[in-house]
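Only one structure is covered here, and it is reproduced in the block below.
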Amino acid sequence: MGYQVQKTDEEWRAELSPEEYAILRQAGTERPFTGEYNDTDTAGTYSCRACGHELFESETKFHSGCGWPSFYQPVTDTIEYVEDNSHGMKRVEVRCASCGSHLGHVFPDGYGTPTGDRYCINSLSLTLKPADAP
């Protein structure tokens with residue numbers, strides 16, 4: 001897929017920390033319950049840490065207990081869905097539709113949410129812009 005934001009591997013490595021690069025560009029996963037946004041209730045907008053594309057609103061964030069920030073719905077047309085059969089599991093990977101960076105996975109087990117979905121997202125894939133920020 002052609003992305004709006006396209007950079008070479010060298011450019012991504014220069015812009016991202018080694019941990020961010022491993023998750024965003026190599027589809028890694030941060031350890032559960034360690035991410036800065038796991039327990040955050042701050043109102044605002046979550047964007048892709050790699051390219052700044054807006055992905056989720058805080059109103060759709062919920063505490064799922066899975067160890068990663070969870071959302072029940074992305075901002076319209078901001079996510080790319082990719083079948084992921086790695087590690088002996090059948091899952092749906094979610095990527096930023098603007099730059100193709102790995103964000104996490106979506107599962108149909110968001111019980112009690114309006115959509116029934118749980119977007120399980122790595123904190124290192126996100127940047128939060130608080131609603132009260134200038």
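Values reported hereafter were calculated over all heavy atoms of this structure, with side chains retained and with hydrogens, waters and symmetry mates removed.
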Is it true that [Y] and [X] share a donor-acceptor pair across their side chains at a distance under 3.5 Å?
{"X": "H63", "Y": "D41", "answer": "yes"}
{"X": "R91", "Y": "S86", "answer": "yes"}
{"X": "Q26", "Y": "H102", "answer": "no"}

Determine, using the 4.5 Å side-chain heavy-atom cutoff (strictly less than), whether V5 and I23 are members of one ILVMFWY cluster. no
So, do [X] and [Y] sit near enough that their side-chain heavy atoms are less than 4.5 Å apart?
{"X": "R25", "Y": "E20", "value": "no"}
{"X": "R95", "Y": "I79", "value": "no"}
{"X": "N122", "Y": "L103", "value": "no"}
{"X": "E36", "Y": "L128", "value": "no"}

Determine, stepwise, if the pair V92 / D84 fulfils side-chain contact (heavy atoms from CB on, under 4.5 Å). CA-CA 5 Å; V92 177; D84 178 3; over 6 Å; no
Do you know the tightest heavy-atom contact between [X] and [Y]?
{"X": "L24", "Y": "L124", "value": "CD1-O, 3.9 Å"}
{"X": "A50", "Y": "L16", "value": "CA-CD2, 4.2 Å"}
{"X": "Y3", "Y": "C96", "value": "CE2-O, 4.0 Å"}
{"X": "A43", "Y": "S58", "value": "CA-OG, 3.2 Å"}
{"X": "G110", "Y": "T113", "value": "O-OG1, 2.6 Å"}

From S98 OG over to Q6 CD, what is the distance, rounded to the nearest 0.5 angstrom? 10.0 Å
If you measure from OG1 on T45 to CG on L126, what distance do you get to the nearest 0.5 Å? 11.5 Å
Would F107 and Y119 count as a close aromatic pair, with their ring centres under 6.0 Å? no
Residues two or more places apart in sequence or in another chain: which of them pass side-chain hydrogen bond (donor to acceptor under 3.5 Å, both in side chains) with D109? R118
Partners passing side-chain hydrogen bond (donor to acceptor under 3.5 Å, both in side chains) against H53 (at least two apart in sequence or in another chain): none
Are the side chain of [X] and the backbone N or O of [Y] linked by a donor-acceptor pair below 3.5 Å?
{"X": "R49", "Y": "S125", "result": "no"}
{"X": "W68", "Y": "E30", "result": "yes"}
{"X": "N85", "Y": "K90", "result": "no"}
{"X": "S123", "Y": "Y37", "result": "yes"}
{"X": "E15", "Y": "W12", "result": "no"}
{"X": "T40", "Y": "T42", "result": "no"}
{"X": "S64", "Y": "S70", "result": "no"}

Among F71, Y72, F62, which one satisfies ring-ring contact (aromatic ring centres under 6.0 Å, His included) with F56? F71
Sequence neighbours left out, what pairs pass salt bridge (charged side-chain N to carboxylate O under 4.0 Å, His left out) with at least one residue falling in residues 57-68? none
